[in-house]
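To start, the structure under review is shown below, and the notes come after it.
Naming convention: chains lettered A, B, ... in sequence-line order (proteins, then strands); numbering from 1 in each chain.
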Amino acid sequence: MSRPGLVLEVDERTPPLLVHEGEGFRLERFPLGTRVIYPPDSLPGIRDVNRRIEDALLNPLGSEPLPELLHSGMRLTIVFDDLSLPLPPMQAPDVRQRVIEQVLEMAANAGVDDVELLAGNALHRRMTPAEIKHIVGERVFNSFWPDRLRNHDAEDRDNLTSLGQTRHGEDVEINSRAAQSDLIVYVNITLVAMSGGAKSVSVGLASYKSLRHHHNVHTLRHSRSFNDPPNSAMHHSYERMHSLLSESVRVFHIECTVNNDVFPSPFQFLNKREWEWTLKDQAKFLAGKRANDLAPAGARHRVWQNMRAPYGVTGVHAGATDLVHEKTLGNVHRQQLTEVQGQSDVLMLGLPYLCPYNVNSVMNPILVYSLGLGYYFNMYKNKPLVREGGALIMYHPMKAEFHPLHHPSYIDFYEEVLTQTIDPATIETKFEEQYATDPWYIHLYRNSYAYHGVHPFYMWYWGAHALSHLGDVICVGADRRVASRFGFRAASTLADALEMAGETVGRSPSLTYLHTPPMTLADVR
Amino acid sequence: MILALEYHRSPARYLAAARLPGRLRSAAVPSLAPLRLTNRPVPSMPGPGWVRLRTILSGICGSDLAMAAGKVSPYLGPLTSMPFVPGHEVLAELMDDVRMDDGTDLRAGTRVVIDPVLPCRARGTGPCPSCASGHENRCDHVNAGRISAGLQTGFCADTGGGWSERLVAHRSQLHRVPDALPSERAVLAEPLACAVRSVRRIDVPRGTSIVVVGAGTVGLLTVLALRELTPAGPITVIARHPGQRRRAIALGATETIAPQAALRGLRRITGGSLVRPELGPGYLLGGADIVVECTGGEGLDTALRLVRGGGTVLLSGMPGKPADLTPAWFRELNIVGSYASRGADDFGAALDLASHDALAGFVDSVYPLTRWRDALSHALSAGRSGSVKIAFDPRNGDRYAQNGDSAEPAALPAHTRSTTTSASTTTSTSDTASTGDTDHLDREGADG
């Protein structure tokens, strides 16, 4: 039995606590009285994952067993989440590989010949063959790549099918192969409550024309939070779209959840609560930190990016999207949800080296912004951890470093757009269309390994709710010029940051530190 | 005898200055450059039609700085005669009455600017084909005739130059300055005439997209000329310093971009795609219709990478560095040179433009010749320090305010005020021995 989440109040006996800051970490001594929110202990993984998968496929929720949906002569499309899930990537074999192999086996037994596999990468960058192989496994890769296993191309006009509009006028346009299939089997890993469910097909296989209906400032500002689907305008839009596309094509959903074992040996102690660190753990920390700090930047980057998580699988559910996702959310909450009483004046976050969009890449400052003000700020149910007008203190070096191959439009967004305005609504009105339709970005998205031209805009909108909610954002250890461009302030230490925050929240603010990673979802009462 | 700043032959100094790293250039070039403050005889009159002039102001041009810093192409070596007095951006007053070629009379004391080109008319030779066709700036006789070789006043041993108290000029070089035009504006006439010439060298259809590489004097005045004299569309200026960016916008630029963001920024503006070779800088497939090179440095290479296929690269600054010409071949580019100006037409337009409001404060520092090292150092770091044009007042630079824009004498600028009362002289005997009298060299700052 795993221990539930914990809200610790820092007192004299509390040791310094672990704080992630990009490709590094530190031990920070927080002021007395600071609330520290820990997720539940990592749940035990399922021992026989293959059997659990088989069971899910044969006894699905709200659907006939998968073998009954498969028949000779049909057109089957298997869609799977791209490398943005899970984070960090899973140690091989990826659970998606196990699921896909069983689905393919059932399809073969049913005599299904017309099978294709699509990565649901939406406007994310194409995955390299090696990245795809890591997800689907060598057998599947060798059998299907490249003709029948490929990335979705949201700019391939000849292979997009419009399925109409929702009652809210939202265009639903998805990959033609999927739209014209007799069955879509969607293989998902849900890491946070935002993912999976109606989002999978309606986003993963969509085009810009479709995505702009929910990836916009208005929707994001009314998604409170986007990790709480019933209160997320974004998810309401996904559901309308999914409902519409389900009228045209049948979707058999398979969702997997994983536990919080994100750090492999020898860094497993980073998952532990600090007062439970053994002497060996403490020695590992000191050695690891020293080595990390002294390592050349390139070597350090490789070490972090090569980290593969030894996740345990906590659930596999299959069948009708809504029923499956309900079970999935239950598992996510079981692993991540911690009840917290009330908001605080200041929220503190340690931002790690990874977000969904810099796997095998560089965490550029816009992604840091999106991770802090988008993903982490929104790790709440009911209401934000920080009160309206409160301050956010986040740790990250936030250097102006970009991956020119993966994030070309991010560089221009940083240099051209953010030098003129940081207001999400103005940015959306003035620049989004230009970037979204820029032929060069489209060319790079389709033929190179670049995120779509509009992607940095979505990252900026991701933080729109936080931007309007917060009174101050202070970045500890950040490059001052970058912080300044975002309208934030940089501080050298936590003490300085708290001193600066005092101008906004007063001299004796209530403080909360969201201890993550691993992921923690705060249920704020 | 007159006080003059003289450029003399010194290969050692020339090469030493040329090898200075960029960071040290503004501090060390004035000491290493083959320049010396000296007394020399008043230039004699080379022949009929020549007049004596007393310098009021003389600007420091980028080509003067390139010469001081050892960055000038050896191509131009035979077209100079040493020792010469630099200074080809000259506002002067006539010392004699003169009847111009068109019959008008100018009285002694009249303010004039000079077109520094020394063509056949000034040299007393028969007209070369270029001069005969009205292109005196392309004169084939710049090393012939009654005066020594010299592509311009300021590079010729016999005429003197603006960096001295007196010089001589042929009447065909003179352009009267309107009485209402302040001297600090009038001294911009020559670089403005060059800018006018530049934009008249090419066809600029309505809406043409233009990039100006560099935002020193040449770049900024080119922006003004483009905006005022052509129906150009968007003008994007690649400018290194914030002050340059502000001025470029005030003069009519649509957008400014920092050099390090030029490729990406321009791609966003003009469309197309950015290509990055494994070695060397990137380039655009797409780009601007016309790119004007105004840096006199590595700007040409940048220009060739920013212009669209079939587009035009206009060389407005004096090219100082080699460039990879592959784009010119592969993209079928037109490379157009623009040198000096075509006389009265261009100077007339230049004098009109000189009164433009956005040129206020362009000449923001005036130095006496005795502080020539400070002046050169200031000019070499002008962009960084927020200045544009630095000028000499060989009579008394102290008369002009640092930010003054008035013809009237104004308060003393701090940097000139501080030294005019001190007296220290260090003269290199070896450098001055050949130039005769040194009796005025006890002025502050004069040395070899």
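Scanning both residues, W440(A) and S273(B), for their nearest heavy atoms gives CD1-CB, 2.6 Å.
Annotation for D357(B): atom CG does not count as buried by contact number, only 12 or fewer foreign heavy atoms lying within 6.0 Å. By the 6.0 Å contact criterion, CZ on R485(A) is enclosed, its count of non-hydrogen atoms from other residues, nucleotides or ligands being greater than 12.
P408(A) touches chain B through backbone and side chain together, each having a heavy atom under 4.5 Å away. Using a 4.5 Å cut-off between heavy atoms, L274(B) contacts chain A through both its backbone and its side chain. Neither the backbone nor the side chain of R276(B) comes within less than 4.5 Å of any heavy atom of chain A.
Every residue two or more places apart in sequence or in another chain was checked for a side-chain hydrogen bond (donor to acceptor under 3.5 Å, both in side chains) with R302(A), and none qualifies.
Contact annotation: the side chain of R268(B) approaches that of Y441(A) to within less than 4.5 Å [non-hydrogen atoms, C-beta and beyond]. By the 4.5 Å heavy-atom criterion applied to side chains, E415(A) and I257(B) are not counted as neighbours.
Note on A261(B), G271(B), G272(B), G265(B): by heavy-atom pairs under 4.5 Å with chain A, the leading option is G272(B). Comparing I411(A), L444(A), T419(A) by heavy-atom pairs within less than 4.5 Å of chain B, the highest count is held by I411(A).
E255(B) contributes atom CD, which lies 6.5 Å from atom CD of E416(A) (distance to the nearest 0.5 angstrom).
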